[in-house]
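Throughout, protein chains are lettered first and strands after them, A, B, ... in sequence-line order, and every chain is numbered starting at 1.
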Amino acid sequence: MRWGRGGLRKNKDFFKNLSLFTEYVYDGRNIDPLINYCKKKGVAFFNVRRTGEKTVRFSVKYRDNKKFFAITKELCYNNITKVKDKGVFYPVLYLFRNFGLLIGVFFFVLIAIISNDFIYSVEYSGSGEGLKTEVSEYLSSVGVKKFSRFSSVNLEKLEDDLVANIDGVSFVGIRKEGNVLKIRLEPSNSQRDLVERRAELISDVDGVIESVKVYSGTALLSAGDTVKKGDLIVGGYAVIKEVSVPVDVLATVSIIVTEEFTFYSPNDDDEDRAEVLAGERAGGAEIVALYTEKRVSGEEYVYTVKISFRHVI
Amino acid sequence: MRSMFSEEVKNSLGLDLSGFKATIFGDSAIYLSGVGGIKDFSKAEVVFYLKKGTISIKGEELEIKKICAGDAVVCGKIKTFSRT
(Lines give C-alpha, C1' and ligand atoms only; values in the text may rest on other atoms or scores of the structure.)
Protein backbone atom coordinates (compact mmCIF):
# COMPACT_ATOMS: atom_id res chain seq x y z
CA MET A 1 0.00 0.00 0.00
CA ARG A 2 1.30 3.43 -0.81
CA TRP A 3 0.27 6.63 0.94
CA GLY A 4 0.84 10.20 -0.04
CA ARG A 5 -0.18 12.34 -2.99
CA GLY A 6 -2.45 10.26 -5.20
CA GLY A 7 -1.77 7.25 -2.98
CA LEU A 8 -5.19 7.17 -1.35
CA ARG A 9 -6.93 7.52 -4.71
CA LYS A 10 -4.86 4.66 -6.05
CA ASN A 11 -5.83 2.50 -3.09
CA LYS A 12 -9.52 3.16 -3.77
CA ASP A 13 -9.03 2.02 -7.37
CA PHE A 14 -7.17 -1.03 -6.13
CA PHE A 15 -10.13 -2.26 -4.10
CA LYS A 16 -12.61 -1.35 -6.83
CA ASN A 17 -10.63 -3.28 -9.36
CA LEU A 18 -10.63 -6.39 -7.22
CA SER A 19 -14.36 -6.71 -7.42
CA LEU A 20 -14.72 -8.41 -10.84
CA PHE A 21 -12.43 -10.98 -12.47
CA THR A 22 -12.41 -13.56 -15.19
CA GLU A 23 -10.74 -16.89 -14.52
CA TYR A 24 -8.97 -18.81 -17.28
CA VAL A 25 -7.24 -22.13 -17.72
CA TYR A 26 -4.20 -22.47 -19.96
CA ASP A 27 -3.18 -25.85 -21.26
CA GLY A 28 0.47 -25.73 -22.24
CA ARG A 29 4.01 -25.08 -21.04
CA ASN A 30 4.63 -21.56 -22.29
CA ILE A 31 2.58 -19.40 -20.01
CA ASP A 32 5.59 -17.31 -18.95
CA PRO A 33 5.95 -15.30 -22.19
CA LEU A 34 2.23 -14.55 -22.15
CA ILE A 35 2.33 -13.30 -18.57
CA ASN A 36 5.41 -11.18 -19.26
CA TYR A 37 3.97 -9.65 -22.39
CA CYS A 38 0.64 -8.91 -20.72
CA LYS A 39 2.52 -7.38 -17.80
CA LYS A 40 4.26 -5.00 -20.16
CA LYS A 41 0.97 -4.09 -21.77
CA GLY A 42 -0.59 -3.31 -18.38
CA VAL A 43 -2.69 -6.43 -17.99
CA ALA A 44 -2.28 -7.74 -14.45
CA PHE A 45 -2.52 -11.44 -13.64
CA PHE A 46 -3.95 -12.72 -10.38
CA ASN A 47 -3.91 -16.06 -8.56
CA VAL A 48 -1.54 -17.68 -11.04
CA ARG A 49 -1.05 -21.30 -10.01
CA ARG A 50 -0.17 -24.59 -11.57
CA THR A 51 -2.95 -27.13 -11.30
CA GLY A 52 -1.23 -29.84 -13.37
CA GLU A 53 1.96 -30.55 -15.23
CA LYS A 54 0.79 -28.51 -18.19
CA THR A 55 -2.15 -26.67 -16.74
CA VAL A 56 -2.15 -23.20 -15.28
CA ARG A 57 -5.08 -21.30 -13.80
CA PHE A 58 -5.09 -17.54 -13.52
CA SER A 59 -7.41 -14.59 -13.35
CA VAL A 60 -7.52 -11.28 -15.13
CA LYS A 61 -9.50 -8.18 -14.29
CA TYR A 62 -12.83 -8.23 -16.09
CA ARG A 63 -12.18 -4.86 -17.65
CA ASP A 64 -8.89 -6.17 -19.14
CA ASN A 65 -10.54 -9.06 -20.98
CA LYS A 66 -10.62 -7.26 -24.29
CA LYS A 67 -6.95 -6.37 -24.10
CA PHE A 68 -6.12 -9.89 -22.94
CA PHE A 69 -7.93 -11.50 -25.87
CA ALA A 70 -6.17 -9.18 -28.29
CA ILE A 71 -2.80 -10.18 -26.83
CA THR A 72 -3.54 -13.92 -26.89
CA LYS A 73 -4.64 -13.60 -30.51
CA GLU A 74 -1.49 -11.65 -31.35
CA LEU A 75 0.71 -14.25 -29.68
CA CYS A 76 -1.36 -17.15 -31.04
CA TYR A 77 -2.29 -18.61 -27.66
CA ASN A 78 -5.23 -20.79 -28.69
CA ASN A 79 -5.52 -23.16 -25.78
CA ILE A 80 -6.84 -20.73 -23.21
CA THR A 81 -10.30 -21.50 -21.88
CA LYS A 82 -12.47 -19.19 -19.89
CA VAL A 83 -13.66 -20.80 -16.65
CA LYS A 84 -15.96 -18.21 -15.13
CA ASP A 85 -16.47 -14.63 -14.13
CA LYS A 86 -16.19 -14.02 -10.42
CA GLY A 87 -15.93 -11.34 -7.80
CA VAL A 88 -18.07 -9.39 -5.38
CA PHE A 89 -19.95 -7.61 -8.16
CA TYR A 90 -20.51 -10.71 -10.28
CA PRO A 91 -24.25 -10.91 -9.43
CA VAL A 92 -24.69 -7.39 -10.77
CA LEU A 93 -22.88 -8.34 -13.96
CA TYR A 94 -25.06 -11.43 -14.29
CA LEU A 95 -28.23 -9.39 -14.01
CA PHE A 96 -27.09 -6.90 -16.61
CA ARG A 97 -26.15 -9.71 -18.95
CA ASN A 98 -29.59 -11.20 -18.49
CA PHE A 99 -31.50 -7.99 -18.84
CA GLY A 100 -34.76 -9.78 -19.50
CA LEU A 101 -34.39 -11.52 -16.15
CA LEU A 102 -33.75 -8.18 -14.49
CA ILE A 103 -36.89 -6.71 -16.01
CA GLY A 104 -38.87 -9.82 -15.04
CA VAL A 105 -37.67 -9.60 -11.45
CA PHE A 106 -38.51 -5.91 -11.37
CA PHE A 107 -42.05 -6.44 -12.62
CA PHE A 108 -42.58 -9.40 -10.33
CA VAL A 109 -41.66 -7.34 -7.30
CA LEU A 110 -43.80 -4.45 -8.53
CA ILE A 111 -46.83 -6.67 -9.10
CA ALA A 112 -46.35 -8.35 -5.74
CA ILE A 113 -46.31 -4.98 -4.01
CA ILE A 114 -49.31 -3.68 -5.92
CA SER A 115 -51.41 -6.86 -5.69
CA ASN A 116 -50.88 -7.05 -1.94
CA ASP A 117 -52.62 -3.70 -1.72
CA PHE A 118 -55.93 -4.93 -3.13
CA ILE A 119 -58.87 -6.25 -1.12
CA TYR A 120 -59.90 -9.60 -2.59
CA SER A 121 -62.54 -10.46 -0.02
CA VAL A 122 -64.20 -9.29 3.19
CA GLU A 123 -64.77 -11.74 6.04
CA TYR A 124 -66.94 -11.23 9.08
CA SER A 125 -66.70 -12.82 12.50
CA GLY A 126 -67.87 -12.27 16.05
CA SER A 127 -71.25 -12.38 17.80
CA GLY A 128 -72.54 -9.54 15.64
CA GLU A 129 -71.98 -11.38 12.40
CA GLY A 130 -75.71 -11.15 11.77
CA LEU A 131 -75.26 -7.43 11.16
CA LYS A 132 -72.96 -8.01 8.24
CA THR A 133 -75.58 -6.94 5.68
CA GLU A 134 -75.83 -3.47 7.20
CA VAL A 135 -72.08 -3.27 7.62
CA SER A 136 -71.51 -4.38 4.04
CA GLU A 137 -73.90 -1.72 2.74
CA TYR A 138 -72.12 0.95 4.76
CA LEU A 139 -68.71 -0.18 3.51
CA SER A 140 -69.93 0.00 -0.10
CA SER A 141 -71.22 3.51 0.48
CA VAL A 142 -67.77 4.67 1.64
CA GLY A 143 -65.97 2.88 -1.19
CA VAL A 144 -64.63 -0.14 0.70
CA LYS A 145 -65.39 -3.26 -1.27
CA LYS A 146 -63.78 -6.03 -3.29
CA PHE A 147 -60.82 -4.82 -5.36
CA SER A 148 -60.54 -1.50 -3.61
CA ARG A 149 -57.14 -0.77 -2.08
CA PHE A 150 -56.01 -1.12 1.51
CA SER A 151 -53.83 1.95 1.16
CA SER A 152 -56.93 4.08 0.48
CA VAL A 153 -58.63 2.93 3.71
CA ASN A 154 -57.87 4.17 7.20
CA LEU A 155 -58.75 1.05 9.18
CA GLU A 156 -58.86 2.75 12.57
CA LYS A 157 -61.15 5.49 11.34
CA LEU A 158 -63.35 2.90 9.64
CA GLU A 159 -63.76 1.05 12.94
CA ASP A 160 -64.94 4.24 14.64
CA ASP A 161 -67.25 5.09 11.74
CA LEU A 162 -68.90 1.66 11.82
CA VAL A 163 -69.60 1.87 15.54
CA ALA A 164 -71.03 5.34 15.10
CA ASN A 165 -73.18 4.59 12.05
CA ILE A 166 -74.42 1.02 12.48
CA ASP A 167 -77.16 0.48 15.06
CA GLY A 168 -76.60 -2.42 17.35
CA VAL A 169 -72.81 -2.54 17.05
CA SER A 170 -70.80 -1.94 20.20
CA PHE A 171 -67.36 -2.98 18.96
CA VAL A 172 -65.71 -3.33 15.57
CA GLY A 173 -62.25 -4.78 14.98
CA ILE A 174 -60.79 -4.51 11.48
CA ARG A 175 -57.48 -5.93 10.30
CA LYS A 176 -55.73 -6.80 7.07
CA GLU A 177 -54.70 -10.43 6.62
CA GLY A 178 -52.99 -10.88 3.28
CA ASN A 179 -55.55 -9.66 0.78
CA VAL A 180 -58.52 -10.29 3.07
CA LEU A 181 -60.24 -7.57 5.08
CA LYS A 182 -61.31 -9.20 8.34
CA ILE A 183 -64.07 -7.50 10.33
CA ARG A 184 -65.07 -8.60 13.80
CA LEU A 185 -68.44 -7.35 15.03
CA GLU A 186 -69.75 -7.39 18.57
CA PRO A 187 -73.38 -6.39 19.09
CA SER A 188 -74.70 -4.08 21.79
CA ASN A 189 -76.70 -5.54 24.69
CA SER A 190 -80.07 -4.66 23.16
CA GLN A 191 -79.22 -6.82 20.17
CA ARG A 192 -78.26 -9.78 22.34
CA ASP A 193 -81.72 -9.71 23.91
CA LEU A 194 -83.53 -9.74 20.60
CA VAL A 195 -85.47 -13.03 20.29
CA GLU A 196 -88.87 -13.94 18.92
CA ARG A 197 -91.56 -12.85 21.37
CA ARG A 198 -94.95 -14.56 21.49
CA ALA A 199 -98.19 -13.91 23.35
CA GLU A 200 -98.77 -17.61 24.16
CA LEU A 201 -97.54 -21.05 23.17
CA ILE A 202 -100.04 -23.40 21.52
CA SER A 203 -99.40 -27.02 20.47
CA ASP A 204 -99.46 -27.68 16.75
CA VAL A 205 -99.44 -31.48 17.08
CA ASP A 206 -101.06 -34.34 19.03
CA GLY A 207 -98.76 -36.13 21.41
CA VAL A 208 -97.33 -36.49 24.88
CA ILE A 209 -95.32 -33.66 26.43
CA GLU A 210 -91.73 -34.74 27.09
CA SER A 211 -90.49 -31.48 28.67
CA VAL A 212 -91.53 -27.85 29.21
CA LYS A 213 -88.91 -25.13 29.82
CA VAL A 214 -90.38 -21.72 30.60
CA TYR A 215 -88.25 -18.55 30.79
CA SER A 216 -91.15 -16.16 30.64
CA GLY A 217 -94.90 -16.96 30.95
CA THR A 218 -96.87 -19.59 32.87
CA ALA A 219 -96.83 -23.34 32.08
CA LEU A 220 -100.33 -24.83 31.97
CA LEU A 221 -99.22 -28.38 31.17
CA SER A 222 -96.23 -30.44 32.27
CA ALA A 223 -94.16 -33.47 31.22
CA GLY A 224 -96.28 -36.58 30.71
CA ASP A 225 -99.49 -34.70 29.85
CA THR A 226 -101.28 -35.65 26.65
CA VAL A 227 -101.79 -32.70 24.36
CA LYS A 228 -103.90 -32.18 21.27
CA LYS A 229 -103.33 -29.79 18.40
CA GLY A 230 -104.53 -26.33 19.44
CA ASP A 231 -104.15 -26.87 23.19
CA LEU A 232 -102.59 -23.99 25.16
CA ILE A 233 -99.35 -25.14 26.80
CA VAL A 234 -97.77 -21.86 28.08
CA GLY A 235 -99.85 -18.76 28.88
CA GLY A 236 -98.65 -15.23 28.17
CA TYR A 237 -98.92 -13.94 31.69
CA ALA A 238 -97.10 -14.08 35.04
CA VAL A 239 -98.68 -13.94 38.48
CA ILE A 240 -96.80 -11.46 40.63
CA LYS A 241 -98.16 -10.96 44.14
CA GLU A 242 -101.50 -12.47 43.10
CA VAL A 243 -101.76 -10.01 40.19
CA SER A 244 -101.73 -11.41 36.68
CA VAL A 245 -99.33 -9.41 34.49
CA PRO A 246 -99.17 -9.93 30.71
CA VAL A 247 -95.74 -11.02 29.48
CA ASP A 248 -94.21 -12.27 26.26
CA VAL A 249 -93.83 -16.05 26.25
CA LEU A 250 -90.29 -17.37 26.18
CA ALA A 251 -90.44 -21.16 26.39
CA THR A 252 -89.38 -24.41 24.75
CA VAL A 253 -91.68 -27.44 24.68
CA SER A 254 -90.74 -30.93 23.52
CA ILE A 255 -93.61 -33.26 22.47
CA ILE A 256 -93.35 -36.94 21.54
CA VAL A 257 -95.61 -37.55 18.58
CA THR A 258 -96.60 -41.07 17.55
CA GLU A 259 -98.02 -41.79 14.11
CA GLU A 260 -98.73 -44.77 11.89
CA PHE A 261 -97.85 -45.03 8.24
CA THR A 262 -98.95 -47.81 5.89
CA PHE A 263 -97.01 -48.86 2.79
CA TYR A 264 -97.83 -51.47 0.12
CA SER A 265 -95.15 -53.44 -1.66
CA PRO A 266 -94.96 -56.59 -3.81
CA ASN A 267 -91.74 -57.59 -2.01
CA ASP A 268 -91.63 -59.34 1.30
CA ASP A 269 -88.31 -57.76 2.43
CA ASP A 270 -89.12 -54.08 2.22
CA GLU A 271 -89.18 -53.33 5.97
CA ASP A 272 -86.18 -50.99 5.73
CA ARG A 273 -87.65 -49.07 2.86
CA ALA A 274 -90.92 -48.70 4.69
CA GLU A 275 -89.13 -47.32 7.77
CA VAL A 276 -87.19 -44.80 5.67
CA LEU A 277 -90.37 -43.61 4.01
CA ALA A 278 -92.04 -43.28 7.40
CA GLY A 279 -89.12 -41.20 8.66
CA GLU A 280 -89.47 -38.87 5.69
CA ARG A 281 -93.20 -38.52 6.29
CA ALA A 282 -92.32 -37.45 9.85
CA GLY A 283 -90.62 -34.40 8.36
CA GLY A 284 -87.09 -35.51 9.17
CA ALA A 285 -87.63 -35.05 12.92
CA GLU A 286 -85.56 -36.91 15.50
CA ILE A 287 -86.96 -40.48 15.69
CA VAL A 288 -87.43 -41.80 19.21
CA ALA A 289 -88.98 -45.23 18.47
CA LEU A 290 -89.81 -47.32 15.39
CA TYR A 291 -91.88 -50.50 15.05
CA THR A 292 -92.78 -52.23 11.77
CA GLU A 293 -95.49 -54.86 11.16
CA LYS A 294 -95.87 -56.86 7.96
CA ARG A 295 -98.88 -58.77 6.71
CA VAL A 296 -100.00 -60.30 3.46
CA SER A 297 -102.96 -58.88 1.58
CA GLY A 298 -103.75 -60.71 -1.58
CA GLU A 299 -100.69 -60.62 -3.81
CA GLU A 300 -98.91 -57.81 -1.98
CA TYR A 301 -97.45 -57.09 1.43
CA VAL A 302 -98.72 -54.41 3.77
CA TYR A 303 -96.16 -52.69 5.99
CA THR A 304 -97.46 -50.74 8.97
CA VAL A 305 -94.81 -48.52 10.58
CA LYS A 306 -95.50 -47.06 13.99
CA ILE A 307 -93.07 -44.16 14.47
CA SER A 308 -92.52 -41.91 17.49
CA PHE A 309 -90.56 -38.68 16.94
CA ARG A 310 -89.65 -35.60 18.92
CA HIS A 311 -91.34 -32.36 17.95
CA VAL A 312 -90.00 -29.14 19.51
CA ILE A 313 -91.91 -25.88 19.70
CA MET B 1 8.88 13.37 -1.19
CA ARG B 2 9.94 9.78 -1.71
CA SER B 3 12.30 10.70 -4.51
CA MET B 4 13.79 13.41 -2.30
CA PHE B 5 14.39 10.81 0.39
CA SER B 6 16.00 8.44 -2.11
CA GLU B 7 18.20 11.24 -3.39
CA GLU B 8 19.25 12.17 0.11
CA VAL B 9 20.15 8.57 0.98
CA LYS B 10 22.05 8.19 -2.25
CA ASN B 11 24.00 11.38 -1.71
CA SER B 12 24.82 10.85 1.94
CA LEU B 13 25.15 7.09 2.15
CA GLY B 14 25.86 6.19 -1.44
CA LEU B 15 22.96 3.72 -1.49
CA ASP B 16 20.69 3.41 -4.51
CA LEU B 17 17.14 2.83 -3.23
CA SER B 18 15.62 2.44 -6.67
CA GLY B 19 15.55 -0.92 -8.28
CA PHE B 20 14.53 -4.27 -6.92
CA LYS B 21 12.92 -4.57 -3.43
CA ALA B 22 11.52 -7.55 -1.56
CA THR B 23 9.28 -7.56 1.52
CA ILE B 24 8.69 -10.88 3.23
CA PHE B 25 5.61 -11.43 5.40
CA GLY B 26 6.31 -14.32 7.75
CA ASP B 27 6.75 -17.43 5.64
CA SER B 28 3.51 -17.12 3.72
CA ALA B 29 3.92 -14.18 1.35
CA ILE B 30 6.54 -12.09 -0.36
CA TYR B 31 6.05 -8.79 -2.12
CA LEU B 32 8.50 -7.88 -4.87
CA SER B 33 8.87 -4.63 -6.74
CA GLY B 34 11.19 -3.82 -9.56
CA VAL B 35 10.96 -7.29 -11.08
CA GLY B 36 10.90 -8.05 -14.76
CA GLY B 37 8.97 -10.95 -16.09
CA ILE B 38 8.61 -14.55 -15.02
CA LYS B 39 11.41 -16.85 -15.98
CA ASP B 40 9.85 -19.97 -14.57
CA PHE B 41 7.23 -20.97 -12.12
CA SER B 42 5.81 -24.08 -10.53
CA LYS B 43 4.34 -25.05 -7.21
CA ALA B 44 7.81 -25.49 -5.80
CA GLU B 45 9.72 -22.58 -7.33
CA VAL B 46 9.06 -19.19 -8.88
CA VAL B 47 11.85 -17.36 -10.67
CA PHE B 48 11.64 -13.72 -11.75
CA TYR B 49 13.95 -11.73 -14.00
CA LEU B 50 15.58 -8.69 -12.54
CA LYS B 51 17.48 -5.88 -14.26
CA LYS B 52 20.57 -7.79 -13.37
CA GLY B 53 20.13 -11.45 -12.65
CA THR B 54 17.17 -13.38 -11.33
CA ILE B 55 15.44 -13.95 -8.03
CA SER B 56 14.25 -17.38 -6.97
CA ILE B 57 11.63 -18.21 -4.40
CA LYS B 58 11.34 -21.81 -3.30
CA GLY B 59 8.70 -23.42 -1.17
CA GLU B 60 5.45 -25.38 -1.38
CA GLU B 61 2.11 -24.65 -3.04
CA LEU B 62 3.47 -21.40 -4.42
CA GLU B 63 1.05 -19.15 -6.22
CA ILE B 64 1.59 -15.80 -7.88
CA LYS B 65 -1.14 -13.78 -6.27
CA LYS B 66 -0.59 -10.80 -8.51
CA ILE B 67 1.83 -9.71 -11.18
CA CYS B 68 1.59 -6.44 -13.03
CA ALA B 69 3.98 -3.75 -14.19
CA GLY B 70 7.01 -4.16 -11.94
CA ASP B 71 5.26 -5.63 -8.90
CA ALA B 72 4.53 -9.20 -7.91
CA VAL B 73 3.13 -10.98 -4.85
CA VAL B 74 3.88 -14.63 -4.24
CA CYS B 75 1.97 -16.62 -1.63
CA GLY B 76 2.41 -20.11 -0.29
CA LYS B 77 4.76 -21.84 2.13
CA ILE B 78 7.99 -19.98 1.40
CA LYS B 79 11.15 -21.77 2.38
CA THR B 80 14.02 -19.99 0.66
CA PHE B 81 14.53 -16.78 -1.20
CA SER B 82 17.72 -16.17 -3.12
CA ARG B 83 19.17 -13.86 -5.72
CA THR B 84 21.49 -14.95 -8.49
Side-chain angles (χ1 to χ4, degrees), chain A residues 1-8 10-11 13-65 67-68 71 75 77 86-87, chain B residues 1-9 17-25 28-79:
Chain A
M1 300 285 191
R2 293 194 298 173
W3 295 87
R5 280 178 67 184
L8 270 175
K10 279 189 185 172
N11 290 339
D13 288 340
F14 176 76
F15 281 112
K16 220 196 271 186
N17 289 337
L18 275 183
S19 61
L20 211 50
F21 297 88
T22 305
E23 190 174 351
Y24 295 95
V25 168
Y26 168 70
D27 190 22
R29 295 183 191 276
N30 289 327
I31 190 68
D32 312 334
L34 175 64
I35 295 175
N36 294 335
Y37 191 75
C38 286
K39 189 170 76 69
K40 281 182 191 166
K41 295 292 181 183
V43 176
F45 275 58
F46 297 84
N47 301 329
V48 184
R49 62 199 183 281
R50 283 210 184 272
T51 53
E53 202 185 309
K54 288 197 318 174
T55 323
V56 176
R57 271 195 183 229
F58 57 92
S59 297
V60 161
K61 282 182 206 164
Y62 182 78
R63 68 173 192 192
D64 288 337
N65 275 334
K67 215 191 272 185
F68 176 71
I71 292 169
L75 299 180
Y77 274 85
K86 60 182 187 179
Chain B
M1 198 167 170
R2 205 153 146 229
S3 59
M4 277 174 62
F5 175 75
S6 305
E7 280 295 314
E8 192 61 42
V9 167
L17 293 184
S18 61
F20 164 72
K21 285 187 254 314
T23 307
I24 304 173
F25 300 91
S28 57
I30 183 166
Y31 167 70
L32 306 161
S33 72
V35 294
I38 300 175
K39 183 180 177 186
D40 187 23
F41 91 96
S42 66
K43 281 187 178 180
E45 186 181 14
V46 180
V47 182
F48 291 99
Y49 287 112
L50 299 175
K51 271 190 184 164
K52 291 178 186 174
T54 59
I55 182 160
S56 166
I57 300 156
K58 289 182 182 174
E60 291 171 17
E61 298 298 324
L62 295 180
E63 181 182 326
I64 302 173
K65 264 302 183 194
K66 182 181 178 182
I67 177 166
C68 70
D71 298 337
V73 176
V74 179
C75 293
K77 194 164 181 195
I78 296 170
K79 288 182 179 170

Relative to chain A, which segment of B/D71 carries a heavy atom at a distance below 4.5 Å: side chain, backbone, both, or neither?
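Looking at B/D71, nothing touches chain A.
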Region of B/V47 in contact with chain A, defined by heavy-atom distances below 4.5 Å:
neither
Heavy atoms only, distances under 4.5 angstrom: which of [options] has the most pairs with chain A? Name it, please.
options: B/G76, B/S42, B/G36, B/C68; value: B/C68
options: B/G70, B/A72, B/G37, B/C75; value: B/G37
options: B/K39, B/E61, B/K43, B/E63; value: B/E63

Residues A/N47, B/K65; criterion side chain to side chain contact (heavy atoms under 4.5 Å, CB included); working and verdict:
CA-CA 4 Å; A/N47 301 329; B/K65 264 302 183 194; 3.0 Å; yes
Value rounded to 0.5 Å, distance of CZ in A/F46 from CD1 in B/I67
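The CD1 atom of B/I67 is 11.0 Å from CZ of A/F46, to the nearest 0.5 Å.
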Exercise: identify the closest heavy-atom pair between B/I38 and A/D32:
O-CB, 3.7 Å
Work out which heavy atom in A/K39 is nearest to a heavy atom in B/A69; give both atom names and the distance.
NZ-O, 2.8 Å
Does the side chain of B/F41 come within less than 4.5 Å of A/I31's, by heavy atoms?
yes
